[in-house]
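Below is one structure, written out as structure tokens; comments come after it.
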Amino acid sequence: MSKLIIAIVHNDDVHRLRISLIENDFRVTKLSTSGGFLKSENSTLLIGVEDERLQTALDTITNICKTRSELVASPISEFFNAGSHIGLPLEVTVGGATIFVIDVDQFIKV
């Protein structure tokens, strides 16, 4: 049986991850997506793997997609004066990956 890995990855990590997966002979399809906190730009990778190579693919993803902190300007609150431009820095965690692994009953490549 095969698996389909769906990995949602921060755009800062996606290029290095794709190169590493391709170098390790994994087939990868990239979809541009967005969402989450601050509507950050992400990519969703679809990766087809054989059961015996699943852990190698997961290790590759977790080794490259590390979480890290960044400072961003916080949105201006509606409670501030309309003429005020106060946007205090806000520390947020970015990076990492959200990973889904799905069983694939059949895989056809034509």
Side-chain angles (χ1 to χ4, degrees):
M1 184 177 290
S2 298
K3 305 285 188 203
L4 174 64
I5 299 173
I6 302 171
I8 303 165
V9 177
H10 193 276
N11 273 355
D12 290 346
D13 300 322
V14 74
H15 179 71
R16 279 191 18 220
L17 178 57
R18 286 182 65 214
I19 296 300
S20 184
L21 288 167
I22 291 167
E23 286 174 351
N24 285 292
D25 204 29
F26 290 104
R27 290 173 174 78
V28 181
T29 299
K30 176 183 167 278
L31 307 172
S32 296
T33 54
S34 66
F37 183 63
L38 300 176
K39 304 288 187 228
S40 60
E41 295 294 321
N42 300 309
S43 291
T44 300
L45 300 181
L46 304 177
I47 309 157
V49 300
E50 300 82 14
D51 284 341
E52 59 273 5
R53 299 198 62 215
L54 175 62
Q55 194 58 52
T56 302
L58 294 175
D59 289 345
T60 302
I61 297 167
T62 57
N63 286 335
I64 291 176
C65 300
K66 303 286 187 192
T67 58
R68 57 201 169 272
S69 295
E70 286 185 3
L71 290 177
V72 297
S74 62
I76 297 174
S77 171
E78 63 186 70
F79 299 109
F80 284 112
N81 177 333
S84 175
H85 296 289
I86 298 173
L88 299 175
L90 177 65
E91 188 173 347
V92 296
T93 301
V94 297
T98 301
I99 304 167
F100 301 91
V101 179
I102 301 170
D103 288 330
V104 175
D105 291 330
Q106 189 176 20
F107 170 76
I108 302 168
K109 182 177 179 180
V110 294

| Would Ser20 and Thr60 count as having a side-chain donor-acceptor pair, cut-off 3.5 Å? | no
| request: Rounded to the nearest 0.5 Å, what's the gap from CZ on Arg18 to OG1 on Thr29? Could you check? | output: 8.5 Å
| query | Rounded to the nearest 0.5 Å, how far does CG of Asn11 lie from CG of Asn42? | reply | 6.5 Å
| message | So Ile5 and Leu54, do their side chains get closer than 4.5 Å, heavy atoms only? | response | yes
| said: Count I, L, V, M, F, W, Y as connected when their side-chain heavy atoms are under 4.5 Å apart, and connections chain through other members. Are Val104 and Leu31 then in the same cluster? | reply: yes
| note | Interatomic distance, CD1@Ile19 vs CG@Asn24, rounded to 0.5 Å, equals 11.5 Å
| field | Hydrophobic cluster membership, Ile8 vs Leu17, 4.5 Å side-chain cutoff | value | no
| Quick one: NZ on Lys30 to CG on Leu46, what's the gap to the nearest 0.5 Å? | 11.5 Å
| task | For the residue pair Ile47 and Arg27, establish whether any side-chain heavy-atom pair is separated by less than 4.5 Å. | result | no
| Where do Asp25 and Arg53 come nearest, in terms of heavy atoms and distance? | O-NH1, 3.4 Å
| Any chain of hydrophobic side-chain contacts (each under 4.5 Å) joining Ile6 to Val14? | no
| remark: The reported gap from CZ in Phe26 to CG in Leu45 (rounded to nearest 0.5 angstrom) is 12.5 Å
| How far apart are the closest heavy atoms of Gly48 and Leu4, and which atoms are they? | N-CD1, 4.4 Å
| task | Check whether any side-chain heavy atom of Ile64 sits under 4.5 Å from a side-chain heavy atom of Val9, and report yes or no. | result | no
| said: Quick check on the hydrophobic clustering: are Val101 and Leu21 connected, directly or via other members, by side-chain heavy-atom contacts under 4.5 Å? | reply: yes
| said: I need the minimum non-hydrogen distance between Ala57 and Val49, along with the two atoms involved. | reply: CB-CG1, 4.0 Å
